K.L.:
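Provided herewith is a single structure, encoded as structure tokens, for subsequent inquiry.
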Amino acid sequence: MAGENRPMPPRRGPRGPHGHGGGPPMEKAKDFKGTVRKLLGYVKPFKIAIIAVMIFAAGSTVFNIAGPKVLSKATTEIFNGLVSKVSGGSGIDFDAIAQIMLTVMGMYVLSGSFGFVQGWIMSGVSQKMTYRMRKEISEKIHRIPMKYYESNTHGEVLSRVTNDVDTLGMSLNQSITQLITSVTTLIGVLIMMLSISWILTLIALVILPISTTLVMIVVKKSQKYFKQQQEYLGHVNGQVEEVYGGHLVIKAFNREEKSLEEFERDNRILYKSAMLSQFLSGMMHPIMQFVGNLGYVGVAVVGAWLAVKGTISVGDIQAFIQYVRQFTQPITQIAQVSNMLQSMAAAAERVFEFLEEAEEENKAENPIAPEAIQGSVEFEHVKFGYDPNKIIISDFSASVEKGKTVAIVGPTGAGKTTMVKLLMRFYDVNGGSIKVDGYDVREFDRSSLREAFGMVLQDTWLFNGTIMENIRYGRLDATDDEVIAAAKAAHVDRFIRTLPDGYQTELNEESGNVSQGQKQLLTIARAILADNKILILDEATSSVDTRTEIRIQKAMNNLMKGRTSFVIAHRLSTIRDADLILVMRDGDIVEQGTHDSLIEKDGFYAALYNSQFAEA
Amino acid sequence: MIKMLKYLGKSAAWIPLIVALLIVQAFCDLALPQYTSDIVDVGIQQGGVETAALDEIRGESFEKLLMFDKSDKLLKYYYYDDVGIVSRGLNAEDVEPYITYPAAVVYALENADSSMLPESVKLPEGMTIVDALLAMPEEMRKPMIEEINKQFEGYSDIMLSQMAIGFARSELEAQGTDMDALRINYIFKTGAKMMGMALLVMAVTIVVGFIAAQLGALFGMNVREKIFRKVISFSNSEMDKFSTASLITRSTNDIQQVQMVIVMMLRMILYAPILGIGGVIKVVRTGTGMGWIIFIAVAAILILVAILMSVAMPKFKMMQKLIDRLNLVTREILTGLSVIRAFSREEYEEARFDTANKNLMQTQLFTNRVMTVMMPFMTLIMNGISVLIVWFGAKGIDGGEMQVGDMMAFLTYTMQIVMSFLMLTMMSIMLPRASVSANRISEVLETEPSISDKEQAVESGITEGRVKFDDVSFSYGDSEEKVLHHISFTANPGETTAIIGSTGSGKSTMINLIPRFFDVTEGTITVDGTDVRDFSQHYLRENIGLVPQKGVLFSGTIASNLRFGGDTASDEQLREAAAIAQSTDFIEAKPEKYESPIAQGGTNVSGGQKQRLSIARAIVKKPKIYIFDDSFSALDYKTDAALRKALNEQVADSTVIIVAQRISTILHADKIIVLDEGRIAGMGTHEELLESCEIYEQIASSQLSENELKRGRSSESAQISGKEAE
């Protein structure tokens, strides 16, 4: 949604339609002051630019305000000329008028160019800031422990990168400019008005409290319905998503009428609140206009009266009337800006919250070089719990020689991935230690330790890029030939070659051109290319047709040759051939041993294995 | 876009009213500046004297006027009363054209010095030319008056009327009128009228706003309901054609978009031309002859907008792609975090993100800056126009073609016309987007569901639930390629019929034909001897308990979800069904048991639990025909086995059709159908198929060890744990 930093293109996203002012309810930051302070720190590098923006904005406004005042001299000149002409005088002095015109035009051009320069600098500042913030978030993503992502959805982080940073940039851009312009306008107009007539100014000022009160009343009323509208829009959209998504079930269970009934009920409430919020917020404009007109008439009447008395000239009334129009504008703008600042602070707060998340420390004090890793792994009295108060693995010891295969088995939800997370140091053990080649994993730099591991997960993660790039991801300096060799070893080379663009085929988001099984093969090729000493495999092959499954199995066997492998195993052959089976249940490792020894033991593993004997 | 209006239904009748109100609004908006200019022109410049055709004129002054009355009409319009005062008999407007000239001449002569007179005439001190003329005998006066008339021929009407007002003012003053009170009264009177107008504008605008909000919201509600109703009437073909995600967008965002534009259209798009036309009429009426300036203004703005748009539009379009790209990269990074960390590719990813980020920034900077140009230039054009108007206005005033007030009014009208153009330009940028949305909406609304009930649909006759496929072939939509070829088999009540085959072999398609989610292309499917197409959809589906591949739950409670199978099901029935579906344990473990809330999309229960609940839901229905579409894959083997055991007891008399991937799930089926590329590759029991069907043997051997294959039916199945990873 970064596309909203400008007034014109329509916005997207499920927001309600709203008219002038009124607007949807603003989120508020929890700690407004603190957030603004942090934000100011962020803006600091752009100090000079911001000061320039302020000067230019003020300058542009001043000239724009002074314009009518000067122009009004021309009107007065014309008027006087006319009067003199009627009484037989010399008529209008066009030289003087030309002089004035030129001055005014000059001022307007100056005002325009100042405004332009101001906008130019400001959009630069806000864009650079949003760029920097995004960059920082993207870097931060990699430093936050995995734990964070288990309690926060991707959507949340994503919306910080896009929506929040965007709101921030947009409101920063607009609010600074508008704030300066409005305040300058307000002060400038006030000065100009005073310079013409203090009595008229007083009349114009009377409008202020009237308009503010009216606006407040309308805003308060409409906000209530805006909230309701947002709420029911959410309900209705939720129902749409749910029913469309479960269309098949709705039909199969003859629920059409029922869901329609529910939908209609919420839809009707939505209609009411949408109508009222739209109507009430739409009232703002005419009311402000009326109040403006009220001031206008007051000024005209009193101004005329003063002109009669000879206190001010006709041109002055004309100018003053224009100022009255300009006077109401910055007031509404300042109200808008304060709303904008609120939502900006709320967005900034979320961004800062993320940027201030605790990081996992990456460096060990005297890190062991990872190149030498051979691949033997030892678990010594490992104690672990996601919540330190709830230890799930209480005391686990095992030793895995290099090149051996460890199968991790257990029923659904037994916590088979916990072992993987511990090995990769996505989590650290609470007690005991895990050692690679005799070194505690905590003695490695996190990233270099991880680089010693290869990984093939059931969730086949590939990114938007060519197949070549995706396989090369395993080893960035691999040549094309090495990539192709890895693909061959993964039994996927033939398939790639059948694609029209071969290795240069772009994998798009849904990768409709590549099936789930083929994606799995690509991730295997990637792991083969990476050539790590220790492998982590998730063997699950869901929704893969038989022939592909056989190919995947072969590729996995190729991959595991000569490497220490930890396999979340489903296939009997893998399990029976494993050098060590870890049996997990409810998060803990309840048994370990080879297939034969475990069957003999007749424990949980044996029960699990035999569970399907019973004829249904 | 326009066709969207038809969805307003009867309420569209309000639109003419809106137009009428907008005309009133435009009238008031345009009249307001007239009042200011009146205040300046009449109130200040003319001292509150509106016309030279005064109600009463002193007899002596009237005689002066009569001398220059070229039309000879004044005596008809004014009559003498007894105290030496003439009163006006007709409306001031009717009299004005005739009195202006004599009044102007009298005013000019009385204020002029004697140089205007022919040299032969010498005036005594304290005597004006007019007095002198009055005193002259008729025959002497006549040539002189002709002479004077000649002199005044060159004066424009506006000059004359200004001078006539001068006459009226001095006449009033001579009559002893309080001139100051006159002015103030006039200004107050005009001010009051202006306030009345302003009030009217406010009232009208609010009423228009109300109707527009009403219509907009009504549109939203109607179309939302229509589209919802339509979509749930769709068969799977239509769902597939549009895709669920697209239908959701059409029912939510697209409707919002159109609704917003409708409100704006009613309030602004309709108003802009009305105001524009009104402004043009007013401008023409001021008779200033400066209309060309308006053309320049509008042209300048159109050119500016056109240039900016042509420069920025391609970038705007590109920007959307770059935003999507940035989102995509971010999402990829987030979903692939574990892989990224495993390969230590943080820097690689940062670089990838940075490229997307930088591209976006550069494009956004460009478009932002282009848009930054817009505002100052727009203001400059507007200001330039006002300078232009004042300059040429001054010329016009000097030439006596207009008054100061006229010029000021012109200025205001011009700004209004230009603004209405600006408004239209802005709208023209928004409209195309909304019309895309509108088209997407009508596309859905105009699509007819491909499956509907026959006129005399059968509502009875399903007694056993025997499902028979007779030479069924099927292809999606108009596609030439058939997904199913000549399928024939019978699923008998009391038996389990299993369908197995690799992904894409047509298993799901086959079972979707039974409840008529699709209709067959060739052949027939009968249930207890009646073609499924002859039943009403409602009756047919009432007798089918379907458990789809994905456990789809709806927001509500566990109980409300189970009652999908029957609104009237008792708590006891729910408990029974849950027990069969092996769900009792986890339901009872929840504090609110059967009343536990289910979040939208069932996100607060695990995949396996969802699947078990959706099985329970079908059991509550107690149908004649059960269809399990790969429903056991999310369960681990232990639960799978227990569930099937419990189910077998429950469904003893029903027809059971199971689609499966795992051999162990279907080992004991009475009949196994092996599908391969839409054709039946084999049919029989496990043992029979192992002997006769190569494909079945292949599938089996990929899942069972050789030993177990040999042991056949008595074998242990080979996999240990569920497929679902945690």
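Just so it is clear: chains get the letters A, B, ... in the order the sequence lines come, proteins before strands, and each one is counted from 1. Just so it is clear, the model here is predicted, and its values are computed rather than measured.
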K.L.:
What do the steps show when you test N254(A) against Q537(B) for side-chain contact (heavy atoms from CB on, under 4.5 Å), and what is the final call?
P.N.:
CA-CA 9 Å; N254(A) 286 324; Q537(B) 294 172 63; 5.7 Å; no
K.L.:
Verify whether the ring centers belonging to Y348(B) and Y473(A) lie closer than 6.0 Å.
P.N.:
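Under 6.0 Å, so yes.
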K.L.:
Check whether S235(B) gets within reach of chain A through its side chain, its backbone, both or neither, counting any heavy atom under 4.5 Å.
P.N.:
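For S235(B), the contact with chain A is made by the backbone alone.
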K.L.:
With a 4.5 angstrom heavy-atom cut-off, which part of F517(B) approaches chain A: side chain, backbone, both or neither?
P.N.:
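Contact with chain A: side chain only.
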K.L.:
So for R352(B), is it side chain, backbone, both, or neither that comes closer than 4.5 Å to the heavy atoms of chain A?
P.N.:
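For R352(B), side-chain heavy atoms alone lie under 4.5 Å from chain A.
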K.L.:
At a 4.5 Å cut-off on heavy atoms, which part of K258(A) comes close to chain B: side chain, backbone, both, or neither?
P.N.:
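Answer is side chain: those atoms of K258(A) sit under 4.5 Å from chain B.
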K.L.:
Kindly write out the residues that satisfy ring-ring contact (aromatic ring centres under 6.0 Å, His included) with Y131(A), not counting sequence neighbours, or none if the list is empty.
P.N.:
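Counting only residues at least two positions away or on another chain, Y131(A) forms no ring-ring contact (aromatic ring centres under 6.0 Å, His included).
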K.L.:
Do Y271(A) and E225(B) get their side chains close enough for a donor-acceptor pair, meaning under 3.5 Å?
P.N.:
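No, E225(B) and Y271(A) have no side-chain donor paired with an acceptor closer than 3.5 Å.
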K.L.:
Examine whether an atom of I340(B) lies under 4.5 Å from a heavy atom of chain A, and if so say whether it belongs to the side chain, the backbone or both; otherwise answer neither.
P.N.:
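Both backbone and side chain.
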K.L.:
So what's closer than 4.5 Å to chain B heavy atoms on L476(A): side chain, backbone, both or neither?
P.N.:
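Contact with chain B: backbone and side chain both.
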K.L.:
Is it the side chain or the backbone of F263(A) that comes within 4.5 Å of chain B heavy atoms, both, or neither?
P.N.:
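When you check distances to chain B, only side chain atoms of F263(A) fall under 4.5 Å.
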K.L.:
When you measure from the centre of the six-membered ring of F353(B), is the NZ or CZ of R134(A) closer than 6.0 Å and no more than 45° off the axis?
P.N.:
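The answer is no; the distance or angle limit is not met.
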K.L.:
So, E264(A) and R224(B), do they make that salt bridge, N to O below 4.0 Å?
P.N.:
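No, this pair does not count.
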K.L.:
Is it the side chain or the backbone of I536(A) that comes within 4.5 Å of chain B heavy atoms, both, or neither?
P.N.:
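Answer is neither: I536(A) stays 4.5 Å or more from chain B.
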K.L.:
F554(B) vs I250(A), test: side-chain contact (heavy atoms from CB on, under 4.5 Å). Steps then yes/no.
P.N.:
CA-CA 10 Å; F554(B) 294 83; I250(A) 296 283; 3.8 Å; yes
K.L.:
side-chain contact (heavy atoms from CB on, under 4.5 Å) for I141(A) and E346(B)? Distances and angles first, verdict last.
P.N.:
CA-CA 9 Å; I141(A) 287 176; E346(B) 285 90 346; over 6 Å; no
K.L.:
Would you name the heavy atoms of G209(B) and F279(A) that are closest together and state the gap between them?
P.N.:
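Smallest heavy-atom distance, with atoms named: C-CD1, 4.0 Å.
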K.L.:
Taking only residues two or more places apart in sequence or in another chain, which ones pass side-chain contact (heavy atoms from CB on, under 4.5 Å) with T523(A)?
P.N.:
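side-chain contact (heavy atoms from CB on, under 4.5 Å) check on T523(A) returns V456(A), T460(A), L462(A), Q520(A), R526(A).
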K.L.:
If you look at every heavy atom in L365(B) and G124(A), which pair is closest and at what distance?
P.N.:
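Heavy atoms of L365(B) and G124(A) come nearest at CD1-CA, 3.4 Å.
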K.L.:
Between V236(A) and chain B, with a heavy-atom cut-off of 4.5 Å, which part of the residue counts as in contact: side chain, backbone, both or neither?
P.N.:
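Only the side chain of V236(A) comes within 4.5 Å of chain B.
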K.L.:
Quick one: what part of S233(B) sits under 4.5 Å from any heavy atom of chain A, side chain, backbone, both or neither?
P.N.:
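The backbone, not the side chain.
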K.L.:
Side chain from CB out, backbone as N, CA, C, O: work out which of these in T379(B) comes under 4.5 Å of a heavy atom of chain A, or both, or neither.
P.N.:
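Contact with chain A involves the side chain of T379(B) alone.
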K.L.:
What part of F377(B) gets within 4.5 angstrom of chain A, counting heavy atoms only: side chain, backbone, both, or neither?
P.N.:
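No part of F377(B) comes within 4.5 Å of chain A.
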K.L.:
For V201(B), is it the side chain, the backbone, both, or neither that has a heavy atom closer than 4.5 Å to a heavy atom of chain A?
P.N.:
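Answer is side chain: those atoms of V201(B) sit under 4.5 Å from chain A.
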